[in-house]
Amino acid sequence: MTQQNNVVVSDTKSEVVAQNKPPPPPGGGGGGGYISITRRSILKNLEINGGGGGQRVNGWIESMRAASPTHPSLSQGQTSWILHHPSALDMFDQIIEASKGKQIVMFLDYDGTLSPIVEDPDRAFMSNTMRKTVRKLARCFPTAIVTGRCKDKVYNFVRLAELYYAGSHGLDIKGPTRSSKYNKDMKAEALLFQPASEFLPMIDEVYQKLVDKTKSIAGAMVENNKFCVSVHFRCVDEKKWSEQAHIVKSVLKGYPKLHLTEGRKVLEIRPTIKWDKGKALEFLLESLGLANCSDVFPVYIGDDRSDEDAFKKLRDRGQGFGILVSKFPKETSASYSLQEPKEVMDFLQRLVEWKKVSLRARSRV
């Protein structure tokens, strides 16, 4: 057989529906919203990982601290780190040279990348200038927001219908609702991929328990990101971190099908399926018909530990590169660095300007 099982998921159903459709031409566009990804590969990616509840509380806390450095390392160490992860702004010309003749695809984290890190996660607004920049970027290149946040919440922050959105670390993916040159035939709501829908009642239950049990800890915040639960430590006295982490551990103990990961002053509870931001990146490339192309150049920009899955995926593919947003040295699989969202915006603006100049030059020829 030459056909593949392509994934089409309606907005009203949570399960994946397989339909036989001819695959898109090599290197082609989004194929009217159909995703050229085999059923076997999806099932393989969704295998249960085995629980992750055995981690020790002290390990969680130390891991959070490592992900959220509050002071620079020794200048010598910082200089060495910058040599291995140079500024993407300083290396812009080399980056453009490496992408020559290839289709650039942009993947962007949200918190700490497009918006500053703030104490109240509900107030992580992006600036109007950043929104205008991302809108221009999406007109030049296929662009996706890949975040640990709830997809709908990030959409309300960004408010750009021409983007792909992958929320809950890629467990909730939705295609553009506004047609563009990269998805001309895609109908509104045509692409919705939610591989962990069966976990939704469990996630809601854990969220309610954590809200109830953390009430006594000043500054504790629990965020329901639909397919994952985020327990924030940013506004909690560090002396209380251990107590809050023990609460998380005690609740998680009753849910072996959920596991825990650490980020920047946050613990996140997710379904134990083999799916992360790296898998989401591959899935989105599939949806664009670019996964098996040698002339694709994916760029992923993020600031947190969960973004490392995407950085590693790009290294494994040998295509494109990752950019870590951080003012301090961190262990990372990213190739380049930027210090803060302002530098991210500067980098994106330079990409847009380069694209405009190259298109003008091409039209003159």
Side-chain angles (χ1 to χ4, degrees), residues 7 9-11 13-16 35 37 42 45-49 52 67 107-115 121-122 124 143-158 163-177 189 191-211 221-232 248 251-252 255 257-284 286-287 300 302-310 313:
V7 177
V9 185
S10 73
D11 204 28
K13 294 183 179 180
S14 60
E15 71 273 11
V16 177
I35 304 165
I37 182 170
I42 290 177
N45 283 331
L46 301 188
E47 289 171 356
I48 297 297
N49 243 340
F107 298 91
L108 307 168
D109 181 32
Y110 184 75
D111 294 274
T113 299
L114 297 181
S115 74
D122 288 333
T143 302
I145 306 291
V146 186
T147 174
R149 295 281 206 127
C150 170
K151 170 177 58 62
D152 294 338
K153 184 176 289 187
V154 169
Y155 181 85
N156 287 335
F157 283 144
V158 178
L163 305 182
Y164 287 83
Y165 290 86
S168 305
H169 301 282
L171 290 170
D172 192 7
I173 299 177
K174 192 174 186 179
T177 56
E189 318 300 340
L191 169 61
L192 179 68
F193 185 57
Q194 297 176 334
S197 297
E198 66 187 270
F199 290 88
L200 284 175
M202 193 182 299
I203 292 289
D204 287 338
E205 193 174 299
V206 167
Y207 167 73
Q208 294 297 337
K209 286 186 178 181
L210 285 169
V211 167
M221 285 185 287
V222 183
E223 187 178 13
N224 188 340
N225 284 313
K226 192 169 182 175
F227 290 94
C228 68
V229 176
S230 301
V231 184
H232 297 279
V248 174
V251 170
L252 195 58
Y255 298 89
K257 289 189 176 182
L258 301 177
H259 75 125
L260 183 139
T261 58
E262 313 89 18
R264 294 178 66 176
K265 297 183 180 177
V266 65
L267 293 177
E268 294 185 309
I269 296 167
R270 308 191 219 169
T272 54
I273 64 173
K274 293 180 181 178
W275 200 264
D276 53 38
K277 289 184 176 183
K279 294 278 198 303
L281 181 151
E282 278 196 321
F283 186 88
L284 287 165
E286 289 272 9
S287 75
Y300 189 104
D303 74 310
D304 208 349
R305 178 160 295 171
S306 61
D307 299 308
E308 291 297 325
D309 294 316
K313 183 63 69 177

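- The distance from atom OG of Ser115 to atom CZ of Arg149, rounded to the nearest 0.5 Å, is 7.0 Å.
- Interatomic distance, Leu108 CG to Leu114 CG, rounded to the nearest 0.5 Å: 5.0 Å.
- Considering only heavy atoms from C-beta on, His232 stays 4.5 Å or farther from Lys265 through its side chain.
- Nearest heavy-atom pair across Gly170 and Ala280 is CA-CB, 3.7 Å.
- Residues Ile173 and Ala166 approach most closely at CG1-CB, 3.9 Å, considering heavy atoms.
- To the nearest 0.5 Å, atoms OG1 (Thr113) and CG (Asp111) are separated by 8.0 Å.
- Remark: Phe227 CZ to Ser197 OG distance equals 4.5 Å, nearest 0.5 Å.
- The closest side-chain donor-acceptor pair between Ser168 and Asn225, if any, does not fall under 3.5 angstrom.
- The line from CG of Leu284 to OG1 of Thr143 is 11.0 Å long, rounded to the nearest 0.5 Å.
- With Ser306 as the partner, the side-chain hydrogen bond (donor to acceptor under 3.5 Å, both in side chains) test is satisfied by one option alone out of Glu268, Arg264, Lys277: Lys277.
- Residues Phe157 and Tyr110 bring their aromatic ring centres within 6.0 Å.
- The aromatic rings of Tyr300 and Phe107 sit parallel, their planes meeting at an angle under 30°, below the 60° perpendicular limit.
- In summary, the side chains of Arg305 and Thr261 do not present any donor paired with an acceptor at a separation below 3.5 Å, with no hydrogens or angles considered.
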Trace of the side chain to side chain contact (heavy atoms under 4.5 Å, CB included) decision for Ser287 with Tyr164 = CA-CA 10 Å; Ser287 75; Tyr164 287 83; 3.8 Å; yes
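- When every heavy atom of Tyr255 is checked against every heavy atom of Met202, the shortest pair comes out as CD2-CG, 3.5 Å.
- Side-chain N or O atoms of Asp307 include one that pairs as donor or acceptor with a backbone N or O of Asp304 at under 3.5 Å.
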request  = Would you check, one step at a time, whether the test side chain to side chain contact (heavy atoms under 4.5 Å, CB included) holds for Leu252 with Ile269?
outcome  = CA-CA 8 Å; Leu252 195 58; Ile269 296 167; 3.7 Å; yes
message = side chain to side chain contact (heavy atoms under 4.5 Å, CB included) for Leu192 and Asp172? Distances and angles first, verdict last.
response = CA-CA 7 Å; Leu192 179 68; Asp172 192 7; 3.9 Å; yes
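- One finds a salt bridge joining Asp122 and Lys153 here, because a Lys/Arg side-chain nitrogen approaches an Asp/Glu carboxylate oxygen to under 4.0 Å.
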request  = Starting from the C-alpha separation in whole Å, work towards a yes-or-no answer on side chain to side chain contact (heavy atoms under 4.5 Å, CB included) for Ile273 and Leu171.
outcome  = CA-CA 10 Å; Ile273 64 173; Leu171 290 170; 3.5 Å; yes
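- For the atom pair Ile203 CD1 and Arg270 CZ, the distance stands at 10.5 Å (nearest 0.5 Å).
- Scanning for salt bridge (charged side-chain N to carboxylate O under 4.0 Å, His left out) contacts around Glu308 gives an empty result, with sequence neighbours left out.
- The aromatic rings of Phe283 and Trp275 stand perpendicular to each other, their planes meeting at an angle above 60°, with 30° marking the opposite boundary.
- Asn224 places a side-chain N or O within 3.5 Å of a backbone atom of Lys226 that can act as its donor or acceptor partner.
- Contact check for Lys257 versus Pro271: no side-chain heavy atoms found under the 4.5 Å cut-off.
- Leu258 is listed as a side-chain neighbour of Val206, based on a closest heavy-atom distance under 4.5 Å.
- Neither side chain, Glu223 nor Tyr207, offers a donor N or O lying under 3.5 Å from an acceptor on the other.
- Shown here for Val248 and Leu210, the closest heavy-atom pair between the two residues is CA-CD2, 4.0 Å.
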